Amino acid sequence: STAQIGVTGLAVMGSNLARNFARNGFTVAVHNRTAARTTALVEEFGHEGAFVAAESAKEFVDALERPRRIVIMVKAGEPTDAVIREFAPLLEEGDVIIDGGNAHFEDTRRRERELREQGIHFVGVGISGGEEGALLGPSIMPGGSKESYESLGPLLEKIAAKAADGTPCTSHVGPDGAGHFVKMVHNGIEYADMQLIAEAYHLLRDVAGYSPAKIADTFRDWNRGRLDSYLIEITAEVLAHTDAATGRPFVDVVTDAAEQKGTGRWTVQIALDLGVPVSGIAEAVFARAVSGHADLRTAARGLAGPAPAALAPEAADAFAAQVEEALYASKIVSYTQGFHQIRAGSEEYGWSVDLGAVASLWRGGCIIRAAFLDRIRAAYDARPDLPSLLADERFAEEIGAAQEGWRSVIAAAVGAGIPVPAFAASLAYYDALRAERLPAALTQGQRDFFGAHTYRRTDREGSFHTLWSGDRSEIRTD
Ligand code: NDP
């Protein structure tokens, strides 16, 4: 028993994680249901470090030093349960099972509970960064017990991405499902970020009249400023790419129907359960759904709308500068909503998640890595009880400076008949929060009218009901 860590499930993610551990000097036991994958990994990459190839589960478990640390990197869902059922009987008290797959946090909570009875630590770990991240350094969001992090943390900190200041992009997020929950919200924010960038592209293309190549340059330019992020960087790459077969911009030959694997949908489903308004993320999920409904789109193609009209070149550049403001302001809102959801989940499940630490571990390795996360971390470090990112002075100031441009861009989009659901939802959230009075008062009146649901008054304590079908006098109901 010489291996410090074991990885079972050696498809692309598992292989790359195993290689990452080995490259960082750990002895890694490797195992896969189909043994051919194990052999192939060691043959091809054995020279990168110390691997112990195990054909059977028993061999795998025996190869590990105690307490054992086993990373499961198989298809999420039932396959993960199958692997747990196979390994759990072979393990001993104090051993740690790590699930690095994209599990739903409720499954992680269940598995943690079941294995705890056996004295086994179950750690659900969110991993972001795709294949390349797994190999070169992902952002890692571990849940599970504090005790398990003591045994596991030093290894994860070694293989994780490092932020610009050298800090590893991992830290203990909180008990049981906290890591997978935070990974889920990460993916929701990723959906929103991507949709916002897509809306900015649409406006630069059809209102500013820019070519894909010019938009690529614009995004490169933005990437040198406050929008500096991985997603902006790769957007420029995609837009600058020319299709080899046709010589046309790549973006013009790709089918415009966006697919999804489901983590964005989970974010919205859970947000609905928690009562957290993640409207930007929800619009991003719905925008993908709309794009995929070919039948509805064909049926609606002839509907009336404004004639296309691009701006004159002089006006186009000024408009582009406003699109940058709209993008930045909307991005602040989607992170505000995502962090609100993490806070709400943390309260619901008793996780005590440190929001500043979450912002910190997203600074490198993951898909939403961005310079801007440094500022979110600073905001929560300065005030851990910050009720909302919009309450942070610096963000409030920046969004205040951007709001005029933000409104103009949305007005221009509406005028031109260009859908900007995520921009518009983000602005509506901002305006709703800052409003002195909301029409929710009227909603309460309607509810009381048809359902006697009662209401509260601004000037007196208590619950009230108006006798709408009687003499319309008011009675106190509490
Ligand atoms: P896949 O999700 O394609 O899963 C393939 C692996 O699962 C193979 O090793 C396969 O073994 C194993 N497997 C499937 N069913 C079973 C079973 N019933 N019993 C035992 N083993 C089984 O692999 P990926 O590498 O793409 O992803 C692994 C996990 O990481 C997934 O949960 C995924 O959601 C998550 N993830 C993926 C990312 C990505 O960019 N791809 C990013 C972050 C997380 P066999 O070879 O025998 O078929």
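Order of appearance sets the numbers: ligands from 1, and atoms from 1 within every ligand. Remember, it's a predicted structure, so these values are computed and weren't measured experimentally.
- Salt-bridge check for Arg68 with Glu92: passed, with a basic side-chain N closer than 4.0 Å to an acidic carboxylate O.
- When only non-hydrogen protein atoms are considered, atom 27 (O) of ligand 1 lies nearest to Met13 CG, 3.7 Å.
- Of the possible polar contacts, one joining the Arg297 side chain to the Ser291 backbone as a donor-acceptor pair under 3.5 Å is found.
- Distances below 4.0 Å separate heavy atoms of Pro79 from the following atoms of ligand 1: 15 (N), 16 (C), 17 (C), 18 (N).
- Counting non-hydrogen atoms of other residues, nucleotides and ligands closer than 6.0 Å to CD of Gln260 gives a total above 12.
- Without hydrogens or angle criteria, Asp392 side chain to Phe395 main chain gives a donor-acceptor distance under 3.5 Å.
- Residue Gly9 approaches ligand 1 through these ligand atoms, each under 4.0 Å from one of its heavy atoms: 9 (O).
- Geometrically, ligand 1 and Asn32 share a nitrogen or oxygen pair separated by less than 3.5 Å.
- Of the candidates Lys75, Met73, Arg85, it is Lys75 that places a heavy atom closest to atom 1 (P) of ligand 1.
- Under 4.0 angstrom from ligand 1, the non-hydrogen atoms of Arg37 all belong to its side chain.
- In this structure, Ser346 contributes its side chain and Ser352 its backbone to a donor-acceptor pair below 3.5 Å.
- Of all protein heavy atoms, the one lying nearest to atom 40 (O) of ligand 1 is Gly130 CA, 3.5 Å.
- Between Arg33 and ligand 1, a contact under 3.5 Å exists for at least one N or O pair.
- From the protein, the heavy atom lying nearest to atom 23 (O) of ligand 1 is Ala11 CB, 3.4 Å.
- At least one donor-acceptor pair closer than 3.5 Å links the side chain of Ser229 to the backbone N or O of Leu227.
- Residue Ile127 approaches ligand 1 through these ligand atoms, each under 4.0 Å from one of its heavy atoms: 43 (C).
- Taking atom 33 (C) of ligand 1 as the reference point, the nearest protein heavy-atom neighbour is Asn102 N, 4.1 Å.
- Between Phe51 and Phe45, the gap from one ring centroid to the other reaches at least 6.0 Å.
- Each of the atoms 29 (C), 30 (O), 32 (O), 35 (C) of ligand 1 lies under 4.0 Å from some heavy atom of Gly101.
- For the ring-ring contact (aromatic ring centres under 6.0 Å, His included) with Trp406, the qualifying choice from Phe423, Tyr430, Tyr328, Tyr429 is Tyr430, the only one to do so.
- Below 4.0 Å from some heavy atom of Val74 lie the following atoms of ligand 1, by number and element: 7 (O), 12 (C), 13 (N), 21 (N), 28 (C), 29 (C), 31 (C), 32 (O).
- One finds a salt bridge joining Arg110 and Glu114 here, because a Lys/Arg side-chain nitrogen approaches an Asp/Glu carboxylate oxygen to under 4.0 Å.
- With respect to the salt-bridge test (charged N to carboxylate O, under 4.0 angstrom), the residues Asp252 and Arg205 qualify.
- Using a 4.0 Å cut-off to heavy atoms of Val83, the atoms of ligand 1 that qualify are 19 (N), 20 (C).
- Residue, atom and distance of the protein heavy atom nearest to atom 47 (O) of ligand 1 are Thr34 OG1, 2.5 Å.
- Residue Leu10 approaches ligand 1 through these ligand atoms, each under 4.0 Å from one of its heavy atoms: 9 (O).
- Per-residue contacts place Val12 under 4.0 angstrom from the following atoms of ligand 1 (heavy atoms of the residue considered): 25 (O), 26 (O).
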Problem set entry | Ser145/Ser148 under side-chain hydrogen bond (donor to acceptor under 3.5 Å, both in side chains): CA gap, chis, key distance, verdict | CA-CA 5 Å; Ser145 64; Ser148 64; 3.1 Å; yes
